[in-house]
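For the single chain, residues carry numbers from 1 onward in sequence order.
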Amino acid sequence: MMKQIKVSVPGRICLFGEHQDYLGLPVITSAIDLAVNIEGHATMDQSIRIDLPDIGSSETIELAENGKEIKYIKERDYFRSVINVLHRQGIQLNNGCDCRVRGNIPINSGTSSSSALTVAWVRFLMELAEHTAEDSKNSMQVAHFAHSAEVSEFAEPGGMMDHFATAVGGTLYITFNGETEVKQLSPELGAFVLGDSGQPKDTKYVLHHVKKNVQTAVEKLQDKFTGFNLAEAQSAEIEKFRPVLSEDEQEVFYGALINKEITQKAKKLLEQNFDHKQFGELLTKHHEILDKKLNISTDKINHMIYSAIDAGAYGGKINGSGGGGCMFVYAPENTAKVARAIESAGGKAFIVHVGEGLKVRTK
């Protein structure tokens, strides 16, 4: 009987630091107990057959001969890009497989369904290849491989936050100063309510628009002010910076500075004397900057957030790159009432808790 492989990887919410990771600034994330699961076994042929019942689809990939890379046949062809990335790392597939992908993470909604899928696929194929080097099978290295396959391979504008958040799990403080460093935080967090607005989001456009304006602002300030460093800049200095920047650049740059400072306040709160209501208030402050300065929220998502707060949530924010997708609120009390308020505002509600990271099971 063929060895059965099952890999599970959670989705994630970005608590603090939205639109910060690609700027090299810290973020705070939390995995959630919604997940992508890949289950299957090796076969004796050279075909990888993937059943995708959640979206009513399937894929078949023929492994390339003589060490050649597999050609991509569509945009963001993650199933094939993972095979190519692993091949370059010396992880070679010698057999095909039959597998099934299932999940309950909202798709294209800002909860890292694609990153969770890519992380899971990396680890599944490593097990399929019977790759035994433990140093390359740890969650951090798997996250690096997944980022290469999802972002670098297709020249996408996103950062590495999603891959580390989903692979490692729990509540994390992630820094990107040179090498990525991950610190596990251990606050006693209660329930969140995730709300899917049903509004499709254009991640690529939103990321490019915000990222481009902030990066242009940083370049201008580096030219004007010797030794300028975004990581050290403070929002109190904005009046000094304004004459150098266009109106759009001022807004997103100021937003980046405020969000950086909110993230640091949240880190202290999560590390010392955690207070549930203060935590919720910081989430809402973060959302206000994302909405008013970065312009990534929508009227419907704002309505969902504030309806949930009126129903007893302590605070909340849009989740992910924005322009649509999901929001979430922190609701350790009145959880069911908050979920109903989100549904009444037109969203689909999911009650979630902090989840574990990448898990592998074989039998």
Side-chain angles (χ1 to χ4, degrees), residues 13-29 110 157-162 173-177 197 199 201-222 224-225 228-269 279-302 304-306 309 315-329:
I13 52 178
C14 178
L15 299 178
F16 300 96
E18 208 77 76
H19 284 273
Q20 302 272 283
D21 60 328
Y22 55 70
L23 300 172
L25 299 173
V27 299
I28 300 174
T29 65
M160 300 183 75
M161 169 180 67
D162 294 354
Y173 177 73
I174 310 175
T175 57
F176 306 92
N177 190 9
S197 70
Q199 295 177 309
K201 65 190 187 70
D202 189 345
T203 301
K204 195 170 181 179
Y205 169 77
V206 173
L207 279 173
H208 178 72
H209 172 71
V210 177
K211 183 178 181 180
K212 181 181 177 182
N213 276 322
V214 177
Q215 288 184 329
T216 301
V218 170
E219 289 168 6
K220 286 182 177 181
L221 293 170
Q222 286 173 336
K224 179 70 174 178
F225 301 100
F228 174 83
N229 186 324
L230 178 61
E232 297 173 359
Q234 301 295 316
S235 61
E237 301 177 279
I238 191 63
E239 294 307 320
K240 178 175 73 174
F241 299 142
R242 284 192 194 279
V244 182
L245 307 176
S246 71
E247 189 172 332
D248 283 346
E249 291 161 1
Q250 288 178 39
E251 289 294 288
V252 295
F253 178 72
Y254 183 63
L257 295 182
I258 293 289
N259 285 337
K260 176 169 66 79
E261 291 164 7
I262 290 173
T263 300
Q264 293 308 316
K265 289 178 182 177
K267 178 175 180 282
K268 289 181 181 178
L269 182 66
F279 176 71
E281 289 166 2
L282 283 175
L283 289 173
T284 305
K285 286 181 180 178
H286 187 18
H287 175 75
E288 289 168 354
I289 298 299
L290 296 170
D291 179 31
K292 304 299 184 185
K293 299 297 182 183
L294 273 61
N295 296 311
I296 67 166
S297 192
T298 68
D299 290 342
K300 182 175 183 179
I301 287 174
N302 289 343
M304 291 164 65
I305 291 170
Y306 293 111
I309 291 172
K317 60 179 282 293
I318 191 168
N319 189 57
S321 57
C326 281
M327 46 66 71
F328 69 85
V329 290

Could Arg242 and Glu239 be called an ion pair, given the rule that one side-chain N must be under 4.0 Å from one carboxylate O? yes
Say you draw a straight line from NZ of Lys211 to OG1 of Thr216; how long is it, rounded to the nearest 0.5 Å? 11.5 Å
Donor-acceptor pair, distance only, cut-off 3.5 Å: does the side chain of Glu237 make one with the backbone of Gln234? yes
Are the side chains of Asn302 and His287 in touch, meaning some heavy atoms are under 4.5 Å apart? yes
Taking all non-hydrogen atoms of both residues into account, name the closest pair between Tyr173 and Ile28 and its distance. CD1-CG1, 3.7 Å
Kindly indicate, with the supporting measurements, whether the criterion side chain to side chain contact (heavy atoms under 4.5 Å, CB included) is fulfilled by Lys317 and Thr284. CA-CA 6 Å; Lys317 60 179 282 293; Thr284 305; over 6 Å; no
Run the numbers on Ile305 and Phe328 for side chain to side chain contact (heavy atoms under 4.5 Å, CB included), then give the verdict. CA-CA 7 Å; Ile305 291 170; Phe328 69 85; over 6 Å; no
Distance col, row Asn319:CG vs Glu18:CD, nearest 0.5 angstrom, shows 5.5 Å
Check whether any side-chain N or O of His286 sits under 3.5 Å from a backbone N or O of Thr263 as a donor-acceptor pair, and report yes or no. no
Side-chain touch Leu269/Phe279, heavy atoms, less than 4.5 angstrom: yes
Closest non-hydrogen atoms of Glu232 and Lys260, given as atom of the first, atom of the second and distance, are C-NZ, 4.4 Å
Rounded to the nearest 0.5 Å, what separation is found between the CG atom of Leu290 and the CG atom of Asn295? 10.5 Å
Working for side chain to side chain contact (heavy atoms under 4.5 Å, CB included), residues Phe253 and Leu245: CA-CA 9 Å; Phe253 178 72; Leu245 307 176; 4.0 Å; yes
Looking only at heavy atoms, the pair that brings Ile301 and Gly325 closest together is CD1-O, 3.9 Å
Heavy-atom pair with the smallest gap, counting every atom of Gly17 and Cys14: C-SG, 4.0 Å
Ring centre gap for Phe241 and Tyr254 strictly below 6.0 Å: no
Passing candidate, side-chain contact (heavy atoms from CB on, under 4.5 Å) with Leu23, options Asn259, Val214, Val218: Val214
Does the side chain of Leu15 reach to within under 4.5 Å of the side chain of Val27, using non-hydrogen atoms? no
Quick one: are Ser321 and Lys201 in side-chain contact, heavy atoms under 4.5 Å? yes
How long is the gap from OG1 on Thr29 to CE on Met161, to the nearest 0.5 Å? 7.5 Å
What's the separation between atom CG in Leu283 and atom CD in Glu288, rounded to the nearest 0.5 Å? 11.5 Å
Please report the shortest heavy-atom distance between Ser197 and Lys300, naming the atom on each side. O-NZ, 2.7 Å
Does any part of the side chain of Ser297, heavy atoms only, come nearer than 4.5 Å to the side chain of Met327, both counted from C-beta? no
Around atom NZ of Lys293, are there more than 12 heavy atoms of other residues, nucleotides or ligands at under 6.0 Å? yes
Heavy-atom closest pair (Asn213 atom, Glu249 atom, distance to 0.1 Å) is O-CG, 3.8 Å
Phe225 versus Lys240: any side-chain heavy-atom pair under 4.5 Å? yes
Apply side chain to side chain contact (heavy atoms under 4.5 Å, CB included) to Val210 and Ile296, showing your working. CA-CA 9 Å; Val210 177; Ile296 67 166; 4.1 Å; yes
d(Asp291 CG, Asp299 CG) to nearest 0.5 Å is 8.5 Å
Axial cation check for Phe228 ring with Lys220, 6.0 Å and 45° limits: no
